[in-house]
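Here is the structure we will look at, set down as structure tokens.
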Amino acid sequence: MAVIPVDLAGRSYEVHVGPGLLTRLPELAGPLLRKTAVPVIADANARRHWGGTLDQALRANGRTALWYDVAPGEASKSWSELARLTDWLLAQGVERGDHVLALGGGVVGDLTGFACAILKRGCGFIQLPTTLLAQVDSSVGGKTAINTAAGKNLVGAFHQPALVLADLATLATLPPRELRSGYAEVLKYGVLGDAEFFDWLADNGARVLALDEKTLEQAVATSIAAKARIVAKDERETSGARALLNLGHTFGHALEAEAGFSELLLHGEAVALGMVLAARYSARLGHLPMIDAERITAAVDAAGLPAELAALNFDCDGAALVEHMLHDKKMDAGTLPFVLLRAIGDAYLDRAVALADVALFLDEQLRSH
Ligand code: NAD
Ligand code: ZN
């Protein structure tokens with residue numbers, strides 16, 4: 001097992017990574033569980049596969065789980081689901097000093113985190129991420145949110161968990177496509193700040209995707225440590241350090257929007273292709289050697305993730321994709337900062353990218369093979 005500290009003044013916590021952590025929950029959460037009845041907000045699929053394990057662990061410790069089911073899917077990050085959940089937490093008598101458990105992927109983590117941010121002006125919560133994406137990304141760092149008619153994640157709060165237990169065993173039941181999608185974010189940490197990790201993934205990525213225990217633990221722990229370092233430097237995304245985590249996300253967001261945020265393109269798939277596009281655009285500007293852009297493309301392709309925009313067969317032009325970018329919540333006083341690359345492992349924030357030029361670049365990418 002690996003333990004990664006997230007150092008934040010007054011709000012520090014630990015992320016534990018390893019197989020079988022749900023079984024050890026009572027021991028690892030210790031005094032965070034003050035009462036015998038423990039509220040567990042669960043993605044229905046995560047509960048179906050892992051609810052029994054958690055139930056048993058709590059029962060063996062003289063406790064009971066109070067289950068609250070969340071329907072799988074992005075639609076659960078809504079005002080109505082937030083209202084339903086907060087009403088339920090109030091009905092259970094949850095107090096500020098209590099800790100609510102969130103079992104599932106980023107949807108349940110974001111919804112529960114936000115509910116706990118506003119419940120009685122803030123109660124505690126523990127993340128039990130069961131998707132690779134949630135383990136390496138959404139469960140760490142304290143961003144919580146719901147979606148509204150105006151867009152994704154536009155209403156939310158910074159609210160850090162008190163503990164994160166990333167049980168690697170839970171990934172065994174995850175659909176392979178969801179696993180690969182989460183792997184895109186793993187790859188991202190190498191590309192944006194750790195060339196050595198990128199090289200290591202080139203050799204070990206297949207073992208990670210095959211869920212080889214030791215390799216998987218190293219990949220997840222390295223990813224979380226990278227995120228923890230960045231979050232400790234820039235918790236609220238004000239200095240630009242945390243913005244580097246958006247590598248691949250500006251292009252990716254446009255692709256997701258064009259696909260209507262549907263199953264056609266999962267978030268990680270969009271980020272993977274978005275990273276390729278950010279790398280190729282960096283190379284086009286002369287900032288990144290073309291060979292590095294090609295290595296990134298090869299890494300994305302080797303993981304079974306989409307690496308060619310033309311292959312998506314979108315019926316649109318570059319200008320339409322740029323138009324989607326203008327609705328990105330990262331828009332800042334009329335400009336859109338792009339995360340670009342100087343090298344593998346060396347990302348930077350460029351606030352002076354000409355969107356008309358990006359549109360031309362995307363036109364080329366939409367046509368080329
Ligand atoms: P998700 O929560 O929708 O889970 C993906 C699918 O996997 C769902 O169908 C779910 O039912 C299923 N599932 C979960 N665990 C399972 C398991 N162990 N076995 C079988 N099936 C399982 O998606 P996600 O990719 O985990 O998260 C995406 C969400 O995370 C988005 O809403 C995104 O906005 C958010 N996000 C937040 C942050 C942040 O910093 N807060 C960062 C990245 C993404
Ligand atoms: Zn992402």
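All ligand and atom numbering here is 1-based and tracks the order in the structure.
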Open item on the list: Regarding atom 31 (C) of ligand 1: of the candidates E178, E74, H249, Q127, which has the closest heavy atom?
Closed with: E74
Open item on the list: Under 4.0 Å from a heavy atom of D43: which atoms of ligand 1 are those, numbered in the order shown and with their elements?
Closed with: 10 (C), 11 (O)
Open item on the list: Which atom name would you report as the N, O or S atom of H249 nearest the Zn ion (ligand 2)?
Closed with: NE2
Show which side-chain atoms of residues 110-127 pair as donor or acceptor with protein atoms under 3.5 Å away, not counting sequence neighbours.
residue	atom	partner	partner atom	Å
D110	OD2	K77	NZ	2.8
T112	OG1	V108	O	2.7
K120	NZ	V94	O	2.8

Task: Option of least heavy-atom distance to atom 16 (C) of ligand 1 (set: V136, L174, V271) - done: L174
- [ ] Compute whether any side-chain donor of one residue and acceptor of the other, for Y68 and R84, lie under 3.5 angstrom apart.
- [x] yes
Open item on the list: Out of L171, D137, T173, who is nearest to atom 43 (C) of ligand 1 when you count heavy atoms only?
Closed with: D137
Task: From the candidates G106, A134, A169, S139, the one that places a heavy atom nearest atom 29 (C) of ligand 1 - done: G106
- [ ] Using the six-membered ring wherever Trp is involved, compare the ring planes of F338 and F251 and label them parallel, tilted or perpendicular (cut-offs 30° and 60°).
- [x] perpendicular
Open item on the list: Quiz question: by atom type and distance under 3.5 Å, do the side chains of H16 and E14 form a donor-acceptor pair?
Closed with: yes
Open item on the list: Can you tell me which portion of K77 lies within the under-4.0 Å heavy-atom range of ligand 1? Options are side chain, backbone, both, or neither.
Closed with: side chain
- [ ] Below 4.0 angstrom from a heavy atom of K227, which ligand 1 atoms are there? Numbered from 1 as shown, please.
- [x] 40 (O)
- [ ] Using a 4.0 Å heavy-atom cut-off, say whether H49 meets ligand 1 through its side chain, its backbone, both or neither.
- [x] side chain
- [ ] Using a 4.0 Å heavy-atom cut-off, say whether T144 meets ligand 1 through its side chain, its backbone, both or neither.
- [x] neither
Task: Between E308 and Q365: side-chain donor-acceptor atoms closer than 3.5 Å - done: no
Open item on the list: Is E185 close enough to the Zn ion (ligand 2) that one of its N, O or S atoms comes in under 2.8 Å?
Closed with: yes
Task: Stepwise salt bridge (charged side-chain N to carboxylate O under 4.0 Å, His left out) check, K227 with E185 - done: CA-CA 10 Å; K227 178 145 188 190; E185 306 277 3; over 6 Å; no
- [ ] Assess the side chains of D167 and W50: does a donor N or O sit below 3.5 Å from an acceptor N or O?
- [x] no
Task: Residue part near ligand 1, for L133, under 4.0 Å between non-hydrogen atoms - done: side chain
Open item on the list: What I want to check is whether the side chains of Y348 and H287 have a donor and an acceptor closer together than 3.5 Å.
Closed with: yes
